[in-house]
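Remarks on the structure that follows.
Any value given below was found using the heavy atoms of this structure, including those in side chains, with hydrogens, waters and symmetry copies removed. Keep in mind the model is a prediction, meaning the values are calculated, not measured.
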Amino acid sequence: MSAFLSINSKLPNAKTTIFTVVGKMAKEHNAINLSQGFPDFSPDSELLDLYKKALNGNYNQYAPMTGAQQLREVIVEKIEKMYSRRYNVEKEVTVTAGATQAIYTAITAFISNDDEVLVLKPAYDCYEPAIELAGGVPVFIELKGKDFKVDWEEFRNKITSRTKMVIINTPHNPSGQILTEADMIALQDILRDTNIILLSDEVYEHIVFDGAVHQSAARFEHLSRRSIICSSFGKTFHVTGWKVGYCVGPSDLMHEFNKIHQFNVFCVNHPAQIALAEYLKNQDHYLNLGDFYQRKRDYFLDAISGSRFKFRPSQGSYFQLLDYSDITKESDVVLNERLIKDYKLASIPMSVFNINERDDNLLRFCFAKTEETLDKAAEVLNRI
């Protein structure tokens, strides 16, 4: 029947996401999957027991629209302890169905036709479609060099009277780099006298390495007043399938955010919220996460130290870029496909995240895996 309909796509240039494409290919070829960002090990049994307890309790109906009270309270306490910023439990915190829903909701709440949104590239692939669906215009700024630095002068020059929002992501997916305190101060100074909203994607906030400190937008007085900050329990606690995250921001911004949120998902998995509220009371569950993943990063890099791949150790997140420029002149897309089919190892080609799909001979690998999986991947990489 639909063959007779004339359909005007709202995303005519959108392709199937690279994660779906590579995931399907990896499954078809039984490849070791270091592509998509999820762990292949079980979450803490304590958290699972808390979920089971909530399932057997009175928490199987709708949660409050902005989230279970006890979870919002512990989120506020966590942020105050870590970043010295206290948010209002009732007006400035919303539990979301993962960070992607939070990002989509924040963009659609504030972006209208022809509004410009500054996006630092390479960028995670959910930002641009949401901007375009809202009628906005993504304005790209390329991160510079092999350490993916922001040129703040170029950033300043990209701002126009139509700029409505800026999106940042730290720790950064896909590069594994982090924004420094100096970066955040530069951003704060640029935005200080503007009416621009900052959307800060901080889903890997607890995964930073080598003694670095996560520079949340919540740490900075003037930034925090204009910022919606998105976080993810799935990334933090190895439960990406639960799809639970949260947003915090000033009450005037969150008021508009919740207008969209209520008609998007209304509320989020109730027993998961109750379990997370109890689990978060132990700070060690998230404060030790950086050390946990740094050991995995170091294990992986040590295992491939004899390979022909070049790398700079990731500063944060659970992704590591590998430079194959000394190995082959193939495009990253072609090499990744060959790795899957011939070597049974899957990664993500970095060009899909870049402006005009620029190819820098880089592949992104996820090291949120067991040592057994990392050993198998390293054995392949050392043979190439």
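Of the possible donor and acceptor atoms, none in the side chain of Asn88 sits under 3.5 Å from a partner among the backbone N and O of Pro250. With hydrogens and angles ignored, the 3.5 Å screen pairs a side-chain donor or acceptor of Asn169 with a backbone N or O of Pro171. In this structure a side-chain-to-backbone donor-acceptor pair under 3.5 Å is present from Ser9 to Leu11. Between the side chain of Tyr293 and the backbone N or O of Val208, no donor-acceptor pair lies under 3.5 Å. In this structure a side-chain-to-backbone donor-acceptor pair under 3.5 Å is missing from Asp115 to Ile111. Checked by atom type and distance alone, the side chain of Arg358 never pairs as donor or acceptor with a backbone atom of Phe353 at under 3.5 Å. Asn258 contributes a side-chain N or O that, together with a main-chain N or O of Met254, makes up a donor-acceptor pair within less than 3.5 Å. A distance-only check finds no donor-acceptor pair linking the side chain of Asp323 to the backbone of Leu362 [under 3.5 Å]. Gln273 contributes no side-chain N or O that, together with a main-chain N or O of Leu71, makes up a donor-acceptor pair within less than 3.5 Å. Between the side chain of Glu357 and the backbone N or O of Val352, no donor-acceptor pair lies under 3.5 Å.
Remark: Arg364 engages no residue in a salt bridge (charged side-chain N to carboxylate O under 4.0 Å, His left out) (not counting sequence neighbours). Residues that satisfy the salt bridge (charged side-chain N to carboxylate O under 4.0 Å, His left out) test with Arg156, not counting sequence neighbours, are absent from this structure. Partners of Asn157 by side-chain contact (heavy atoms from CB on, under 4.5 Å), not counting sequence neighbours, listed by chain and number: Glu153. The side-chain contact (heavy atoms from CB on, under 4.5 Å) search around Ala130 returns Tyr104, Ile107, not counting sequence neighbours.
Atom OG1 of Thr94 sits about 12.5 Å away from atom OH of Tyr87, to the nearest 0.5 Å. In this structure, the separation between CD1 on Ile327 and CG on Leu335 is 7.5 Å, given to the nearest 0.5 Å. Note that CE of Met82 and CD of Gln283 are 8.5 Å apart. Values are rounded to the nearest 0.5 Å. Note that CZ of Arg192 is 11.0 Å distant from CG of Leu187, once rounded to the nearest 0.5 Å. Interatomic distance, OH of Tyr127 versus CD of Glu132, reported as 15.0 Å (0.5 Å rounding). One finds the OG atom of Ser314 at 13.5 Å from the CZ atom of Phe365 (value rounded to the nearest 0.5 Å).
Screening His261, Gln262, Glu256 for a side chain to side chain donor-acceptor pair (under 3.5 Å) with Lys259, the sole residue that qualifies is Glu256.
Ion pairing between a basic and an acidic side chain is recognised when a charged N comes within 4.0 Å of a carboxylate O; Glu205 and Lys78 show such pairing. Here Arg86 does not pair with Glu92 in a salt bridge; the nearest charged N to carboxylate O distance is not below 4.0 Å. A salt bridge is absent between Lys81 and Glu77: the closest approach of a Lys/Arg side-chain nitrogen to an acidic carboxylate oxygen does not fall below 4.0 angstrom. Residues Arg297 and Asp210 are paired through a salt bridge, judged by an N-O separation under 4.0 Å between the basic side chain and the carboxylate.
Annotation: cation-pi pair Lys164/Phe110 absent, no NZ/CZ under 6.0 Å from the ring centroid and within 45° of its normal.
Between His238 and Phe292, the distance separating the two ring centers is shorter than 6.0 angstrom. Less than 6.0 angstrom separates the ring centroid of Phe319 from the ring centroid of Tyr204. Here the two rings, on Tyr51 and Trp242, have centers that are under 6.0 Å apart. Ring centers of Tyr246 and Phe233: under 6.0 Å apart, within the cut-off.
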Show me the side-chain donor-acceptor pairs of residues 53-64 shorter than 3.5 Å, one per line, residues at least two apart or across chains.
{"from": "Asn56", "atom 1": "ND2", "to": "Lys52", "atom 2": "O", "distance (Å)": "3.2"}
{"from": "Asn60", "atom 1": "ND2", "to": "Leu55", "atom 2": "O", "distance (Å)": "2.7"}

Solution key, residues 17-30 side-chain donor-acceptor pairs under 3.5 Å, sequence neighbours excluded:
{"from": "Thr17", "atom 1": "OG1", "to": "Phe19", "atom 2": "N", "distance (Å)": "3.4"}
{"from": "Thr17", "atom 1": "OG1", "to": "Asp125", "atom 2": "OD2", "distance (Å)": "2.8"}

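The heavy-atom pair separating Leu223 from Met184 by the smallest distance is CD1-O, 3.6 Å.
Inter-residue side-chain proximity for Glu154 and Ile141 is flagged as met; some heavy-atom pair is nearer than 4.5 Å. Side-chain contact check for Leu322 versus Ile304: some heavy-atom pair is nearer than 4.5 Å. Thr105 places a side-chain heavy atom less than 4.5 Å from the side chain of Phe257.
Tyr279 and Phe237 have perpendicular rings, their planes meeting at more than 60° on a 0 to 90° scale where under 30° would count as parallel.
Atom CG of Asn282 has more than 12 neighbouring heavy atoms from other residues, nucleotides or ligands inside a 6.0 Å radius.
Checking Glu90 against Gln69 by side-chain atom types alone, a donor-acceptor pair falls below 3.5 Å.
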